[in-house]
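Inspection log for the structure reproduced underneath, given as structure tokens.
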Amino acid sequence: MFRYNVSTVFLLLAAFLAQQFVPAFSGLSHARILLVHLVFLCSAVTVTTPTMLLMAFIGGIFWDAHCSLAPIIADPEIYSKPVESLRFGYSILLFGGMGFLMQGLNPLFRQGKWHFSAALTGIATFLYLAADYCLISFVRGDFVISRAIVRLMTYTSLLTMLFSPLIFWLLYRLAKLFDHSLYPEANRNRRR
Amino acid sequence: MKPLNLIALLLFLAGATWALTRSEPIVREIQVAYFKAIAPTLKSGSALETKARELLTETKHSKELDAELSTIRGEIGRLRIIESRFKALERENSELRHALNFKKATSFDVVAAQIIRRHPTTWWQTMEINAGENRGIGIQLSVLSNDGLVGIIDRPFKQRSSVLLITDEKCQVSVRVEGSPEGGILSGQRGEFERNPTLRLQYLSKNASLKPGQRVFTSGRGGIFQPNILVGTIISVERGPLDSEALVKPAVDLSDLGTVFVVLSENH
């Protein structure tokens, strides 16, 4: 169990490296496969709560390091209304929230019904992006929603969800390697 | 809740609070360490993206490329003539300044860079270039192309830099409108992910007499951008009860950009 949990943390770090090879699809409103989020969400349903929270912290802090913009320093007399940015570290809380959402399906996953969790990765990704966008809108003072934004969130969630079976298979292989069972209740029922 | 989970949750919240309260220099240190750690894959990923883009460009029809080449050749010839004239004027200007014992007014140096990555993040309109601190690039330097303003340097790293594009909401530019006394603040619009994003020019006067097609240039005020850089052309004007706003089409086609120039120094 311990070795499996550690391996999922390393898998998350590997996802950050692999994410660099995933470009945005300009034809799909710049949607992309969020590999880091996918690995986190899939792992979250298979690990203990403390491990999930550790992964949320690592995932959130590194994701913000990857994405956050520098503040613009300009003459306040000319640029009297600077555009606000989100604080560094906010993604940690979003990752944590999505992790708890995924753990809600843990009882079904332990019974071997991984496809519910796979579908939830798409929903969780959509909710993550929606929360992210709402926070940006909140700190900037007005809420603008366009078709392009909805398309970006939908395509990104769908593309990400499509790859979830692959990540679950990878986690299954890791669990087997470290003598850990992802579906203990399903195995128990089979033995009966 | 199990005691272990409760302790983990408290530690998680403490960690999140620690991250949320970090100052800008520490955030930058974390970012530098992060990008240093992923540097090998970042380089390979960027190279892969560039190759894929080149392959797509190569598939353009050869006739189209031939026509483009002959246009570029004609343009080069025209620019060479202008350049020779400009050099003669510059020499004459220098001689006259020397004669009048004038202080040198402007020092302008640029670094050419290739775009290696587009839209590396979900929400921000940014791109990455293959020049960084090793070539003298620092934070908030203007980035231009042959057609006009592209954006500013957001975060410079050792061998690469992130550019915040003018189409991003955070990138504000103080501008003036050609042939009119009007000026305002231009910025990108949130959620403009389509191929032809527009910019919003705010704080124009209530009865601004502007027409579509008028060009918009940087004003040079505010301490970020040099003056007289073309930013775009006015598409439409919306009049409000207190002020007017205009929609502006960027001069630069940001979806089809290969080389950019970073302005290193400008002494006013």
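Every chain is numbered from 1, with letters handed out A, B, ... down the list of sequences.
Taking a 6.0 Å sphere around CZ of B:Phe35, one finds it holds more than 12 heavy atoms contributed by other residues, nucleotides or ligands. The neighbour count for B:Tyr203 OH, taken as heavy atoms of other residues, nucleotides or ligands under 6.0 Å away, is above 12. For A:Phe143, the CZ atom is densely surrounded, since the number of other residues' heavy atoms within 6.0 Å is greater than 12. At most 12 non-hydrogen atoms from other residues, nucleotides or ligands lie less than 6.0 angstrom from CZ of B:Arg221.
Remark: A:Leu69 CG to B:Ser162 OG distance equals 7.0 Å, nearest 0.5 Å. With values rounded to the nearest 0.5 angstrom, A:His30 atom NE2 is found 9.0 Å from B:Arg118 atom CZ. Rounded to the nearest 0.5 angstrom, B:Thr17 OG1 and A:Ile92 CD1 are separated by 9.0 Å.
For the set A:Ser137, A:Ser91, A:Ala18, the entry with the most heavy-atom pairs within less than 4.5 Å of chain B is A:Ser137. In terms of heavy-atom pairs under 4.5 Å with chain B, the best-connected choice from A:Gln19, A:Lys81, A:Arg147 is A:Lys81. Per-residue counts of heavy-atom pairs under 4.5 Å with chain B were compared for A:Ser68, A:Ala24, A:Gly89; the largest is that of A:Ser68. Interface remark: of the candidates A:Leu86, A:Ile61, A:Asp132, A:Asp132 forms the most heavy-atom pairs closer than 4.5 Å to chain B. When A:Leu13, A:Asp142, A:Thr48 are compared by the number of non-hydrogen pairs under 4.5 Å with chain B, A:Asp142 comes out ahead. Chain A forms the most heavy-atom pairs under 4.5 Å with one residue out of B:His119, B:Lys2, B:Glu169, and that residue is B:His119. In terms of heavy-atom pairs under 4.5 Å with chain A, the best-connected choice from B:Leu164, B:Asp154, B:Ile38, B:Val173 is B:Asp154.
B:Leu11 does not touch chain A: none of its heavy atoms, backbone or side chain, sits under 4.5 Å away. Neither the backbone nor the side chain of A:Phe95 comes within less than 4.5 Å of any heavy atom of chain B. Residue B:Thr126 touches chain A through its side chain alone, counting heavy-atom pairs closer than 4.5 Å. The contact between B:Gln172 and chain A is made by backbone and side chain atoms together, counting heavy-atom distances below 4.5 Å. With a 4.5 angstrom heavy-atom cutoff, A:Met52 does not touch chain B via any of its atoms. At a 4.5 Å heavy-atom cutoff, A:Glu77 makes no contact with chain B through either its backbone or its side chain. Neither the backbone nor the side chain of A:Thr51 comes within less than 4.5 Å of any heavy atom in chain B. Proximity to chain A (any heavy atom under 4.5 Å) is restricted, for B:Ile139, to the side chain, taken from C-beta onward. Heavy atoms closer than 4.5 Å to chain B are found in both the backbone and the side chain of A:Pro71. For a residue to count as touching a neighbouring chain, one of its non-hydrogen atoms must lie under 4.5 Å from one of that chain's; by this rule B:Glu24 touches chain A with the side chain only. Looking at B:Arg117, only its side chain comes within 4.5 Å of chain A, counting heavy atoms on both sides. Heavy-atom distances place both the backbone and the side chain of A:Leu129 under 4.5 Å from chain B. If you measure heavy-atom distances from A:Ile145 to chain B, you find no contacts under 4.5 Å at all. Heavy atoms closer than 4.5 Å to chain B are found in the side chain of A:Ser146, but not in its backbone. For a residue to count as touching a neighbouring chain, one of its non-hydrogen atoms must lie under 4.5 Å from one of that chain's; by this rule A:Arg151 touches chain B with the side chain only. Interface remark: A:Leu152 contributes side-chain atoms only to the contact with chain B (heavy atom separation under 4.5 Å).
When each of B:Ile26, B:Val27, B:Thr21, B:Leu20 is paired with A:Phe88, the side chain to side chain contact (heavy atoms under 4.5 Å, CB included) condition holds for B:Val27 and for no other. Between B:Thr122 and the choices A:Tyr128, A:Tyr133, A:Trp63, the side chain to side chain contact (heavy atoms under 4.5 Å, CB included) rule is met once, by A:Trp63.
For the pair B:Gln31 (side chain) and A:Ala65 (backbone), a donor-acceptor distance under 3.5 Å is present. The backbone N or O of A:Cys67 sits less than 3.5 Å from a side-chain atom of B:Trp124, completing a donor-acceptor pair. Checked by atom type and distance alone, the side chain of A:Arg32 pairs as donor or acceptor with a backbone atom of B:Thr121 at under 3.5 Å.
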Exercise for review: Begin with the C-alpha distance, continue with both residues' side-chain angles, and end with the deciding distance and a verdict on side chain to side chain contact (heavy atoms under 4.5 Å, CB included) for B:Phe12 and A:Thr49.
Suggested key: CA-CA 11 Å; B:Phe12 172 77; A:Thr49 305; over 6 Å; no
Practice item. Take B:Ile185 and A:Ile78 through the test side chain to side chain contact (heavy atoms under 4.5 Å, CB included) and record every step on the way to the result. Key: CA-CA 8 Å; B:Ile185 300 292; A:Ile78 304 298; 4.1 Å; yes
Practice item. Run the numbers on B:Ile30 and A:Asp64 for side chain to side chain contact (heavy atoms under 4.5 Å, CB included), then give the verdict. Key: CA-CA 10 Å; B:Ile30 294 170; A:Asp64 278 355; over 6 Å; no
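Using cut-offs of 30° and 60° for the angle between ring planes, the B:Tyr34 and A:Phe16 rings count as perpendicular.
In this structure, B:Leu9 and A:Leu53 have side chains that are in contact, with non-hydrogen atoms separated by less than 4.5 Å. Within the 4.5 Å cutoff, the side chain of A:Pro50 has heavy atoms near those of the B:Asn5 side chain.
Nearest heavy-atom pair, A:Arg140 versus B:Lys170, reported as atom, atom and distance to 0.1 Å: NH2-CB, 4.1 Å.
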